[in-house]
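Heads up: the structure comes next, in structure tokens.
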Amino acid sequence: MLKVITCFKWVIDEADVKVDASSRRLILDRVGYKISLYDRNAIEEAALLQEKHGASIVAVTVAPPTAKQCLKDALSRGADKACFVNDPSLVDLEPTQTAALLAAAIKGQGDFDLILCGEGSSDLYTQQVGPILAEKLGIPCGTYVNKLTVIEGEKRVIAERKLDDCVEIVSIQLPALVTVLPDINTPRIPTLKQVLAAGKKPVDNITLDKLESPSEPGLETTSILGATMERRRLKFGAEAENIRAAVGALLKEGVIT
Amino acid sequence: MAGIWVFAENREHTLELLNAGKSLAGDLGAKLAAFASSTQLAQEYIAHGADEVLLLAPLAEDQPLESYVPVIADAARTEDPEVFLIAATPRGKEIAARVAARLNTGLCSDCSGFELDKEKKLLKMDRLFFGGLAVQTVMCTARPQMATIPPRTFDPATEQEGRQGTIKELPPAPSSGVQVLQRTPKTREAVDITEAKIVVCVGRGVAKQEDIALAKELAKVLGGEVACSRPIAEELHWLPEEVYLGISGKKVKPDLYVGIGISGQIQHVTGIRDSKVIFAINRDESAPIFEAADYGIVGDLYKVVPQLIEEFKSALKQ
Ligand SMILES: Cc1cc2nc3c(=O)[nH]c(=O)nc-3n(C[C@H](O)[C@H](O)[C@H](O)COP(=O)(O)OP(=O)(O)OC[C@H]3O[C@@H](n4cnc5c(N)ncnc54)[C@H](O)[C@@H]3O)c2cc1C
Ligand SMILES: Nc1ncnc2c1ncn2[C@@H]1O[C@H](COP(=O)(O)O)[C@@H](O)[C@H]1O
């Protein structure tokens, strides 16, 4: 049976982040969390492979223990088991550190055929963790994939990569890592039944004492400054006279000639 | 002598990176080196500022460009460059991440600009964070200091008279577990949206592909072009990918941006931040686009847009 590992990140919902206009500091007091948008496509792709080939799916994440609720979310989307690499220190990691921890945890899971990652995470969006993880595990890697086909019995996949100047179709030997684009599929919304079943699925709790300590970061963040934008923010209603007023205001701006 | 290295998948982006690396090479007293895939390009890069060219051996038909990763990483291990800049195309980003992993160094992805701390000889590199909600400044604590730089961040380097440089041949790329079966060149079907003075942008609030006609008509009346959000191009494929705006799409600076059924999430707003005037139509009063807009109409686009078309037509005497 095909063994699929899917890596997902639990991120701050960026819609909840506010910027303090004077200090340009980010205000993170009242933020919610979610599975990084494109990681849902990675999980969905695993679920599709499961339907087609009877694959087993392990969903892996590196996060602080407070992210525990992410497990149920990932499990309700189709994973059979979650692997939770957690420690209070595992916040604001650089991509090399995240990838090193993922590599160590994945090695502990035994054999696998395919690792799926999102194209990039919603918060950092470095698009690095996937390719670095492939290097750390010494396996081939295919990035920016929007179509994936497993060739049964041949230990390979055929992937369509969307690149700058062309679409490239490649054959990748398994075990391998693939990063998926959002247009590869449309993630399902979990049903109530799936949500309930998720609570009963197994979770591998991996604390740092079971892994080597995280590597040196390689990058140091010296500042984070929120972007601000000066806008008028004038709202009009949708009645005929409001629309006329809006058109008048726009014409006055002198940008339409 | 330490080196400033640049790698890009094509000539155009290599020249941009040569320009980016030139002043750094001066400030750090380092040589500027570029990777090239042919001796003809090698000569050209030397004429455009490279002191040294690392000549890549040709790939077999079925080898992807990423096969160069071990060759590039080995060269960096022996030559120990100080800075390594790579063009942030999809291939460039994969290559950069894998080379950084092999060299155990840090990589700043999608670096939008950098400044040299001359005392520490360290680059302070800027990149967007949280979809563009903030700018993160990073320094690389290992060597080489690596960054991927989006295409067209820098102007291309210009040609100089009588330049000399050395060419060093690199060994062929080993075969990998990835084999190319087919390549289909992308056809550019769309207008260059970054040139448009007025951009009418459609989002998922538009229910059917045919309804994009509404936006097209408004664009025609205003003398603008039609753009879209990422899901319209990449998930629904209703408009070409070259016209979606945002952090992973095109960044535009039109005089007027009109958003129709766009929620205004930060990844999209990042691409339109520099518009002179932002105007949005959305039926949800609390849609974030209104925070980013100068003018907004709260209402159903199917009712509002036809009226806008009529109003503009009569105001502009069409
Ligand atoms: C790493 C990353 C990178 C991304 N990069 C980009 C990018 O470069 N560009 C980009 O665009 N997105 C990008 N996104 C996606 C982005 O987060 C949003 O999901 C996307 O911009 C939403 O597109 P939308 O506004 O068209 O759709 P939606 O968010 O679905 O919004 C539709 C809006 O239409 C309104 N509406 C619905 N019906 C009507 C009606 N009849 N009349 C009026 N209004 C109506 C709704 O109120 C809603 O606000 C990225 C996301 C991630 C995680
Ligand atoms: N903390 C994490 N835990 C698990 N997977 C991650 C984590 N961070 C990143 N990833 C994976 O790596 C991909 C790219 O992330 P990034 O390099 O941050 O853009 C994501 O889409 C995930 O699949």
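Numbered from 1 within each chain, the chains take letters A, B, ... in sequence-line order.
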Contacting region of [X] [heavy-atom separation from chain A under 4.5 Å]:
X      : value
B:E285 : both
B:R98  : both
B:L316 : side chain
B:L308 : both
B:Q145 : neither
B:V99  : neither
B:A280 : neither

For this session: May I ask you to list the residues in residues 179-186 of chain B that approach chain A closer than 4.5 angstrom, counting heavy atoms only, ordered by number?
Result: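 Expected list: B:Q179, B:V180, B:L181, B:Q182, B:R183, B:T184, B:P185, B:K186.
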Using non-hydrogen atoms only, which part of [X] is less than 4.5 Å away from chain B: side chain, backbone, both, or neither?
X      : value
A:I158 : side chain
A:T96  : side chain
A:V17  : both
A:I139 : neither
A:T228 : backbone
A:L163 : both
A:I172 : both

Taking the side chain as every heavy atom from C-beta outward, state whether [X] and [Y] have any atom pair closer than 4.5 Å.
X      : Y      : result
B:P90  : A:K162 : no
A:V255 : B:I198 : no
B:F130 : A:S122 : no
B:H237 : A:D183 : yes
B:L256 : A:I256 : yes
A:L250 : B:F312 : yes
A:Q128 : B:K93  : no

Problem set entry | Residue selection (most heavy-atom pairs with chain B, distance under 4.5 Å) from A:S171, A:A134, A:S121, A:C141 |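 When all of A:S171, A:A134, A:S121, A:C141 are compared, A:S171 has the most.
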Exercise. Are a donor atom and an acceptor atom from the side chains of A:E253 and B:Y295 found within less than 3.5 Å of each other?
Worked result: yes
Exercise. Does the side chain of A:T221 pick up a donor-acceptor pair with the side chain of B:Q136 at under 3.5 Å?
Worked result: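 Side chains of A:T221 and B:Q136: pair found under 3.5 Å.
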For [X], look at atom [atom1] and say whether over 12 heavy atoms of other residues, nucleotides or ligands are found less than 6.0 Å away.
X      : atom1 : result
B:K253 : NZ    : no
B:D300 : CG    : yes
A:L28  : CG    : yes

Hey, could you give me the [atom1]/[atom2] distance between [X] and [Y], rounded to the nearest 0.5 Å?
X      : Y      : atom1 : atom2 : answer
B:N104 : A:I132 : CG    : CD1   : 10.0 Å
B:F129 : A:L124 : CZ    : CG    : 5.5 Å
A:M229 : B:S275 : CE    : OG    : 8.5 Å
B:L133 : A:I224 : CG    : CD1   : 10.5 Å
A:Y125 : B:D110 : OH    : CG    : 7.5 Å
B:T148 : A:Q127 : OG1   : CD    : 8.0 Å

Exercise. Picking from B:V298, B:D62, B:I95, which has the most non-hydrogen pairs under 4.5 angstrom with chain A?
Worked result: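 Looking at each option in turn, the highest pair count goes to B:V298.
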Problem set entry | Pick from B:M146, B:Q265, B:Q267, B:R143 with the largest number of heavy-atom pairs that fall under 4.5 Å of chain A |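 The candidate making the most pairs under 4.5 Å is B:Q267.
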Review item, side-chain donor-acceptor pairs of residues 142-150 of chain A, under 3.5 Å, at least two apart:
unit_1	atom_1	unit_2	atom_2	d
A:T143	OG1	A:R161	NH2	2.8
A:T143	OG1	B:E94	OE1	2.5

Measure across [X] and [Y] and return the closest heavy-atom pair with its distance rounded to 0.1 Å.
X      : Y      : value
A:L219 : B:T141 : N-OG1, 3.7 Å
A:P131 : B:A97  : CB-CB, 3.8 Å
B:F290 : A:R233 : O-CG, 3.8 Å
B:H13  : A:D164 : NE2-OD2, 4.1 Å

Exercise. Counting distance only, does the side-chain N/O of A:R24 pair as donor-acceptor with the main-chain N or O of B:A134 below 3.5 Å?
Worked result: no
For this session: Output yes when a side-chain donor or acceptor of A:T222 lies under 3.5 Å from a complementary backbone atom of B:T137, and no otherwise.
Result: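 Here the side-chain-to-backbone pair exists.
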Exercise. After noting the C-alpha distance and the side-chain angles of B:V178 and A:Q173, does the key distance pass the side chain to side chain contact (heavy atoms under 4.5 Å, CB included) rule?
Worked result: CA-CA 7 Å; B:V178 184; A:Q173 264 163 34; over 6 Å; no
For this session: For B:R230 and A:E119, run salt bridge (charged side-chain N to carboxylate O under 4.0 Å, His left out): C-alpha distance rounded to whole Å, both residues' side-chain angles, the deciding distance at 0.1 Å, then the answer.
Result: CA-CA 14 Å; B:R230 185 169 183 178; A:E119 172 220 335; 2.8 Å; yes
Exercise. Is any NZ, NE, NH1 or NH2 atom of the basic residue among B:E291 and A:R231 found under 4.0 Å from an Asp or Glu carboxylate oxygen of the other?
Worked result: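 No, B:E291 and A:R231 are not salt-bridged.
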Got a list of side-chain donor-acceptor pairs under 3.5 Å for residues 236-248 of chain A, not counting sequence neighbours?
unit_1	atom_1	unit_2	atom_2	d
A:N242	OD1	A:E239	N	3.0
A:R244	NE	B:E311	OE2	3.0

Seminar exercise, completed: Sorted by chain and residue number, the ring pair (Phe, Tyr, Trp, His ring centres under 6.0 Å) partners of A:F112 (sequence neighbours excluded) come out as none
